[in-house]
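So the structure is just underneath, and the comments pick up after that.
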Amino acid sequence: MSELIKISVYQRRVWGENGTPQCANAIREQIKRGDLPGKQIGKLFYIDWTRYQQQTGNSLVDRVLNKRRA
């Protein structure tokens, strides 16, 4: 089961209220490239929070695992 969250929620969860998050456009590009687990529904982009938390930190391994889970 995946938990899809808005980019604004993702920014708050990762960087906190007082942090300096990446801009929403950069996050959308990462989703498009497959660097971040997520999807586009209509015009909106969402982060798959469950898959994000399961990432290993190795970008190659994460990309392969994301492709298999999708």
Side-chain angles (χ1 to χ4, degrees):
M1 190 73 171
S2 62
E3 177 187 3
L4 296 178
I5 60 173
K6 290 181 172 183
I7 289 176
S8 60
V9 174
Y10 167 75
Q11 290 170 319
R12 243 188 334 269
R13 286 186 184 182
V14 173
W15 287 279
E17 291 293 327
N18 298 322
T20 306
Q22 291 179 334
C23 68
N25 195 39
I27 295 170
R28 282 190 288 272
E29 289 301 317
Q30 290 177 29
I31 294 170
K32 288 179 188 177
R33 284 193 313 261
D35 295 338
L36 265 177
K39 63 172 66 175
Q40 181 177 3
I41 301 174
K43 293 183 179 183
L44 300 177
F45 285 82
Y46 296 90
I47 304 294
D48 187 334
W49 185 247
T50 306
R51 284 180 31 205
Y52 174 78
Q53 290 181 308
Q54 295 171 347
Q55 289 183 327
T56 65
N58 182 317
S59 61
L60 178 60
V61 173
D62 291 338
R63 287 180 115 184
V64 170
L65 290 174
N66 284 335
K67 297 291 183 195
R68 287 182 172 229
R69 292 180 189 139

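Small disclaimer: the values here were computed from a predicted structure and weren't measured.
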Dump the intermediate steps for side chain to side chain contact (heavy atoms under 4.5 Å, CB included) on R28 and I7, then the final yes or no.
CA-CA 8 Å; R28 282 190 288 272; I7 289 176; 3.6 Å; yes
Closest contact, heavy atoms only, G38 versus I31
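So the minimum-distance heavy-atom pair works out to C-CG2, 3.7 Å.
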Where A26 and Q22 come nearest, the two heavy atoms and their spacing: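 Minimum heavy-atom separation between A26 and Q22: CB-CB, 4.4 Å.
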Interatomic spacing from [atom1] in [X] to [atom2] in [Y] - rounded to 0.5 Å:
X	Y	atom1	atom2	answer
K39	R51	NZ	CZ	8.0 Å
I5	T50	CD1	OG1	9.0 Å
N58	Q55	CG	CD	10.5 Å
L36	E29	CG	CD	11.5 Å
Q30	N25	CD	CG	10.5 Å
Q11	I47	CD	CD1	9.0 Å

Would you mind telling me which of F45, Y46, W15 makes a ring-ring contact (aromatic ring centres under 6.0 Å, His included) with Y10?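 For Y10, the ring-ring contact (aromatic ring centres under 6.0 Å, His included) test succeeds with only one of F45, Y46, W15, which is W15.
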* **Check: Y52 and V14 side chains under 4.5 Å, non-hydrogen atoms** =>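 Contact flag for V14/Y52 side chains = yes.
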